[in-house]
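Order of listing sets the numbers, starting from 1, for every ligand and every atom in it. All of these numbers come straight from a predicted model, not from anything done at the bench. Residue numbers count from 1 along this sequence.
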Amino acid sequence: MKKHNFYAGPSILPQYTIDKTIEGIKEFAGTGLSILEISHRSKEFVACMNETMSLFKELLEVPAGYQILFLGGGASLQFAMVPMNLMNKKAAYLNTGVWASKAIKEAKLFGEVVEVASSKEKLFNYIPKNYTVPSDVDYFHITTNNTIYGTEIKKDPDVKVPLVADMSSDILSRPVDVSKYSIIYGGAQKNLAPAGVAFVIIKEDVLGKVTRPIPSMLDYRVHIKEESMFNTPPVFAIFAANQTLHWLKQLGGVKAIQKKNIEKAKILYDEIDRNKLFIPTISDPEDRSLMNICFVMAPEYKDLEQPFSDFAKSKGLLGIAGHRSVGGFRASTYNALPKESVEALVSAMKEFELKN
Ligand SMILES: *Cc1c(COP(=O)(O)O)cnc(C)c1O
């Protein structure tokens, strides 16, 4: 039976990426060696790294003055690297979920954190608006897509201080005005590659302003100077990311994928709104994520949760359980998820409604 992959991360990758990665494991770039066993300093891999960086820049239209890094440690290490490299005294954070809270916790190790707003009291089911970012902070940090709750900041905010964003789960899903940000980072395992690599887009002029000593491995300037080759980078994950970027470019880039993402999300949200068995957890359409679509059983059908879960599994719909901290259901509709998978989920929801 065909499987539909709705896992939140690691998550679905394009078939193109899987196929090209299998080829690369057998033989990489005509070297007679596997990508798994080749030196990161070989000219073939250096070329792959450089191409991956330039494709990333091209697809996101990254302006001059910015560098791309591919680092180990995931997005979670960036929670600490950002304040370590940018924070002198004070930074502002928007608290929109568990990942944002984890970023705040790390930042507090390096100085004062101003939480400008939080949606915690409502289980993070909306994006706070009308907050003020103090003008004396070293930067303002947001999480554009809240993977666990299914909210998303789809419009690049205008602020007067350096803006930093965790875009782990919506990078490359839509055009972004990179010039509004000083740093954009994320783990690659949601929309780009297998786990093991984090991407960082960084405006160079934001660096060098803190006085604390920074260990070399945690210093963005070291990684920029060494072009992400200060130590052994995650070679395999970068190779796979390269394939996904080629796939996205062939497809027409981020504008083209955004159109598909909007279309897929609409099909599913429309059904959640229509179907009497389910209710959406995010009510404001403006805040609804196009990448992680969350819903629960309507209160009067609460005991159908496990039966629906089993029914979905029997139809090959995998990974739709909500995050362990919120329950219910979450369908992740990342770039690589085909529209047919969303349609399969919607018809299962319809069929289940008719049966009950
Ligand atoms: C998954 C995720 C993370 C954590 O990423 P790791 O690479 O596992 O550290 C951080 N932020 C967001 C928004 C995520 O979705």
Side-chain angles (χ1 to χ4, degrees), residues 5-13 56 69-84 93-107 109 118-120 123-128 140-154 156-157 163-174 176 181 183-201 217-218 223 228 233-234 236-238 240-241 244 261 281-282 287-294 319-326 330-337:
N5 183 354
F6 292 97
Y7 278 105
S11 42
I12 187 165
L13 288 169
F56 204 83
L69 300 176
F70 292 112
L71 307 175
S76 298
L77 183 60
Q78 298 308 310
F79 295 165
M81 272 177 82
V82 165
M84 197 177 233
Y93 278 71
L94 183 64
N95 191 359
T96 50
V98 161
W99 296 117
S101 305
K102 288 189 177 179
I104 290 170
K105 177 169 179 255
E106 300 302 300
L109 296 171
S118 168
S119 45
K120 191 172 180 182
L123 250 169
F124 297 115
N125 69 4
Y126 71 103
I127 300 286
F140 174 48
H141 180 284
I142 59 172
T143 310
T144 50
N145 186 66
N146 299 283
T147 323
I148 295 174
Y149 307 93
T151 59
E152 187 174 9
I153 302 170
K154 287 171 245 169
D156 306 306
L163 180 61
V164 176
D166 174 357
M167 293 198 188
S168 292
S169 49
D170 61 350
I171 191 73
L172 296 162
S173 67
R174 61 186 156 94
V176 165
Y181 298 84
I183 294 184
I184 295 172
Y185 68 85
Q189 68 274 21
K190 313 276 165 60
N191 232 352
L192 185 59
V197 66
F199 59 85
V200 185
I201 307 170
M217 264 303 278
L218 303 177
H223 291 291
S228 297
F236 175 66
I238 293 167
T244 303
N261 289 333
T281 55
I282 311 303
D287 292 348
R288 285 179 171 179
S289 171
L290 301 186
M291 297 282 103
N292 310 98
I293 299 177
C294 296
I320 61 161
H323 188 267
R324 55 197 146 78
S325 64
V326 279
R330 169 178 55 176
S332 296
T333 51
Y334 296 122
N335 284 356
L337 186 86

Examine ligand 1 and decide if any of its atoms is less than 4.0 Å from a heavy atom belonging to Gln78.
no
Compute the minimum heavy-atom distance from Asn145 to ligand 1 and say whether it is under 4.0 Å.
yes
Identified side-chain hydrogen bond (donor to acceptor under 3.5 Å, both in side chains) counterpart of Asn261 within the set Thr333, Asn335, Asp170
Asn335
Give the atom numbers and elements of ligand 1 that come within less than 4.0 Å of a heavy atom of [X].
{"X": "Phe79", "answer": "10 (C)"}
{"X": "Gly74", "answer": "7 (O), 9 (O)"}
{"X": "Ser169", "answer": "15 (O)"}
{"X": "Thr143", "answer": "13 (C)"}
{"X": "Gln189", "answer": "5 (O), 6 (P), 7 (O), 8 (O)"}

Is it true that atom CG of Leu123 has more than 12 heavy atoms of other residues, nucleotides or ligands lying nearer than 6.0 Å?
no
Test your reading of the structure: does Gly73 have an N or O sitting under 3.5 Å from an N or O of ligand 1?
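By distance alone, the answer is no.
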Identify, for atom 2 (C) of ligand 1, the protein heavy atom at the shortest distance, and state residue, atom and that distance.
Lys190 NZ, 2.6 Å
Give the residue and atom name of whichever protein heavy atom lies nearest to atom 5 (O) of ligand 1, and the separation in Å to one decimal.
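Here the nearest protein heavy atom works out to Ala75 CB, 3.5 Å.
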Location of contacts on Ser76 toward ligand 1, heavy atoms closer than 4.0 Å
both
Give the contacting part of Lys102 toward ligand 1: side chain, backbone, both or neither, where contact means a heavy-atom distance below 4.0 Å.
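None of Lys102 does.
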Could you check whether any side-chain heavy atom of Leu77 comes within less than 4.5 Å of a side-chain heavy atom of Leu71, counting everything from C-beta outward?
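Contact flag for Leu77/Leu71 side chains = no.
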Please examine the side chains of Asp166 and Tyr185, heavy atoms only from C-beta on, and report whether any two atoms are closer than 4.5 Å.
yes
Hey, are [Y] and [X] close enough side-chain-wise for a donor-acceptor pair under 3.5 Å?
{"X": "Asn95", "Y": "Ser101", "result": "yes"}
{"X": "Asn146", "Y": "Thr96", "result": "yes"}
{"X": "Asn292", "Y": "Ser332", "result": "yes"}

Over 60° means perpendicular and under 30° means parallel, so tell me whether Phe56 and Phe70 are parallel, tilted or perpendicular.
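Ring orientation, 0 to 90° scale: perpendicular.
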